[in-house]
Amino acid sequence: MNVPFMDLRGMHEEVRSEIETGWRELVDESAFVAGPAVAEFERAFARYCGVDHAVGVGSGTDALRIALQAVGVKAGDVVVTVPHTFIATVEAITQAGAAAAFVDIDPTTYTMDPGLLQRYLERDCVVEHGMLVDRRRRGRVTCILPVDLYGHPADWPSLLELAGRFGLKVVEDACQAHGARLDSRLAGTFGDAAAFSFYPAKNLGAMGEAGAITTASAAIAEQAGLLRHHGQRERYVHVTGDGGNARLDTMQAVVLSAKLKRLEAWNEARRRIAGWYRDRLTGQDLVLPVERAHARHVYHLYVVQVADRDDVRRELDRAGVGTGLHYPVPLHLQQAYAHFGHTSGNFPVAESVTARCLSLPMFPHLTEEQVEHVTASLCAALDAMACRS
Ligand SMILES: *Cc1c(COP(=O)(O)O)cnc(C)c1O
């Protein structure tokens, strides 16, 4: 049996006719940019998240950059994020003209560790002329950018308390967390603004590139709306030069509206699959994903930690099981960020997770038989490792 790491076709069969109808209408109308389907999806997605505003953009990376700019991040600022995330989180910070500072992750949820954020703010920053300044980067610390990684919400109560105490803006990277919750609050509602990606493989995915910013603030929504569209308030009247073209494609808005109606069901399917994994893998020499009290994990990825990860991965590949690594190299050790001056040992939790993480197949239409094949193959690989050592 072959089990792919990801297979989107089951989802697309469910929405195919709705999307084909919507696309046919769009071709008939031939209004491809900023058509009514965009505003329709924005309204539906805002309602789903429980926020007043959603602003559709071209990708999750655009959403992050524009969210940072819209909350006021600018050149000379420092934005605090984590070294264990997709690189887009940090790219957005530097694209907004700011510098990135890293705080390590919590070893159980893989999201920003509030205790370490507090230590960073108290020990690595100083107050000069009433401004909080990062001693290393000599920039003004203005914003935190935690990530709801793998589909589990960050520890928002603690992070928001610290942000409030230090007067920091908060942008939430919710690119992996559509529908994730803490109590009754959804991902996308915790910061001043949040960024979502609708990359095809995300829990809510387009058939191409797309993203959105959510916010409770009319002013931030208006600013984001300007930044995605050349700073235009009306045609050829430009009120800011910091913008560009980052609009949500209308064809993608049609796809997203159709798929949004199924998101809750697909997230429930992911949670059921996570339960099958947990039932079969508990007791094995693995670290399984944790769902904190009050949290609803939406398992964008099902990531375990395992010793001899690369050998185990090779065995799974031989058994026809596709896996992924999220992520194999922490950002502070990437060549791209060598100039940040970090070395191995600076963020030990991120370093240990990158060495041991293994993402197992996870998508809503994965069957119990497929999960059985994955877990049986994984247990066999672990047994083989144990015998060898
Ligand atoms: C996918 C992702 C992004 C970027 O989204 P794109 O739509 O690919 O630009 C940013 N941050 C995280 C955590 C992601 O998973």
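Each ligand, and each atom within it, is numbered from 1 in the order the structure gives. Counting begins at 1 with the first residue of the sequence. Model, not experiment: these values are computed from the prediction.
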Measure the distance from [atom] to every protein heavy atom, then report the residue, atom name and distance (to 0.1 Å) of the closest one.
{"atom": "atom 1 (C) of ligand 1", "value": "K202 NZ, 1.5 Å"}
{"atom": "atom 13 (C) of ligand 1", "value": "D173 OD2, 3.5 Å"}
{"atom": "atom 9 (O) of ligand 1", "value": "T61 OG1, 2.5 Å"}
{"atom": "atom 15 (O) of ligand 1", "value": "Q176 NE2, 2.8 Å"}

When you check the gap from the basic side-chain N to the acidic O, do E264 and K259 get nearer than 4.0 Å? no
Have a look at ligand 1 and work out which part of L64, if any, has a heavy atom under 4.0 Å from it: side chain, backbone, both or neither. side chain
With a 4.0 Å cut-off on heavy atoms, does D62 reach ligand 1? no
Any atom of ligand 1 sitting under 4.0 Å from a heavy atom of H300? no
Heavy-atom distance under 4.5 Å between the side chains of [X] and [Y], does that happen here?
{"X": "L378", "Y": "L281", "result": "yes"}
{"X": "R292", "Y": "D106", "result": "yes"}
{"X": "L204", "Y": "F45", "result": "yes"}
{"X": "Y48", "Y": "L186", "result": "yes"}

In short, A206 meets Q252 closest at the heavy-atom pair CB-OE1, 3.1 Å
Could you check H178 against F196 for ring pair (Phe, Tyr, Trp, His ring centres under 6.0 Å), going step by step and ending with a plain yes or no? CA-CA 8 Å; H178 321 70; F196 285 93; 5.3 Å; yes
Can you figure out which of S197, A201, A63, A206 has its heavy atom closest to atom 7 (O) of ligand 1? S197
Those atoms of ligand 1 less than 4.0 Å from some heavy atom in [X]:
{"X": "T89", "answer": "11 (N)"}
{"X": "S59", "answer": "7 (O), 9 (O)"}
{"X": "T85", "answer": "13 (C)"}

G60, any N or O under 3.5 Å of ligand 1 N or O: yes
Donor-acceptor side-chain pairing of Y327 and Q334 below 3.5 angstrom: no
